[in-house]
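All of these numbers come straight from a predicted model, not from anything done at the bench. Ligands are counted one by one from 1 in listed order, and the atoms in each one are counted from 1 as well. Reckoned from all heavy atoms, side chains included, excluding hydrogens, waters and symmetry mates.
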Amino acid sequence: MRTLLAAAMAALVVMAGAINATAQTFPNKSVTIIVPFSAGGPSDALARIMGDRMKASLGQSFVVENVTGAAGSIGVGRAVRAAPDGYTISFGHLGTHVANGAIYSLPYDLLTDLEPVVLLPSNPMVVVSKTAVPAKTLKELLAWLKANQDKATAGTAGAGSGSHIAGVYLQTLTGLRLQYVPYRGTAPALTDLVSGQIDIIVDQASNSMQQIRSGGIRAYAISDTKRLKAAPEIPTAEEAGLPGFHMTLWSGLWVPKGTPKDVIARLNAAAVEAMADPAVRKRLNDLGLEVPPRDKQTPQALAAWHKAEVDKWWPIIKKAGIKPE
Ligand code: ASP
């Protein structure tokens, strides 16, 4: 009995040592961030800004892998099935990590199969159109969309993506009907908007910003009560005549369930450091992205926020009857 006990104790000591060693040596190779949408889009851009700066803190590269399809649910699934060692991170947002759970029958549970790492910057949506649309104000755009109900097209990143939820929300508030054109991300949707293949996108501000500035597309309103510092010329929903059109698209990082807590803590600390860096903040601000307050940047805060968003959005999305493609 004594020997058994001693052997068990020795095994425990070895195990504790191994866990400690994981945290001390982590990361000793590159870390993959799975972005579930196209390269060049808003999720991809934010993941790359974060990854570049997290590399400076942790000394290893953060490689973005774009695993697209089914509004991001395929890429999230890949991350859920990865080894829980901190070397695979799931990047996602209100669409992938909340809405998709109410739309698709997912082979994973968004709240229990992933561990939260950190809440990332958020941005409002912006209603944008191709320049050939004759409207100059939101009121004129809504009138034009109404007159062209059965032909007007709205680009999205798939049923349940941020751009789709925002489009459905706009429909609910205005009584409009839109024809959706799904893409693997809003980067290719934006390319088609610029070239006039589709009519509008209710897009993440960070995706559209550059094209708005260069005149490649036209912006009508943002889904917020205050104007964006990065584009103060775009009116708020209230100013443009669509009161209550408020939606903030937030993003976050998760790791597979079972990832050691101290590895999560290291990733969290690197992300927090990145969001405090003035050079990173400048890049984020230029894209209209807002860093969450420091007390919202803990894994626990993301867990609470994630749960609250599921409770808030699932009934709304289920009622809207959004179907998978
Ligand atoms: N965030 C997505 C992307 O990066 C688009 C979306 O959710 O609308 O393409």
*Thinking salt bridges, do Arg281 and Asp277 make one under a 4.0 Å N-O criterion?*
no

*Lys307 with Asp311: basic N within carboxylate O range, under 4.0 Å*: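 Salt bridge flag = yes for Asp311 with Lys307.
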
Looking only at N/O atoms, are [X] and ligand 1 under 3.5 Å apart anywhere?
X: Ser43; value: yes
X: Thr186; value: yes
X: Ser38; value: no

In terms of atom number and element, which parts of ligand 1 are under 4.0 angstrom from non-hydrogen atoms of [X]?
X: Ala157; answer: 5 (C), 6 (C), 8 (O)
X: Gly162; answer: 6 (C), 7 (O), 8 (O)
X: Pro42; answer: 1 (N), 3 (C), 4 (O), 9 (O)
X: Ser163; answer: 6 (C), 8 (O)
X: Gly185; answer: 9 (O)

_Keeping Thr88 on the side-chain end and Pro84 on the backbone end, is there a donor-acceptor pair under 3.5 Å?_
no

*Among pairs that include at least one residue of residues 98-125, which meet salt bridge (charged side-chain N to carboxylate O under 4.0 Å, His left out), considering only residues two or more places apart or in two chains?*
Asp113-Lys257, Glu115-Lys261

*Can you tell which part of Gln204 has a heavy atom less than 4.0 Å from ligand 1: side chain, backbone, both or neither?*
side chain

*If you draw a 6.0 Å radius around CZ in Arg78, do more than 12 non-hydrogen atoms from other residues or ligands fall strictly inside?*
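For Arg78, atom CZ is not crowded (no more than 12 foreign heavy atoms under 6.0 Å).
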
*Does atom CD of Gln179 have more than 12 heavy-atom neighbours from other groups under 6.0 Å away?*
yes

*Tell me which protein heavy atom sits closest to atom 7 (O) of ligand 1, plus the residue, atom name and distance to 0.1 Å.*
His93 NE2, 2.7 Å

*asked:* Is the distance from the ring center of Phe26 to that of Tyr87 below 6.0 Å?
replied: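 Phe26 vs Tyr87: aromatic centres under 6.0 Å.
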
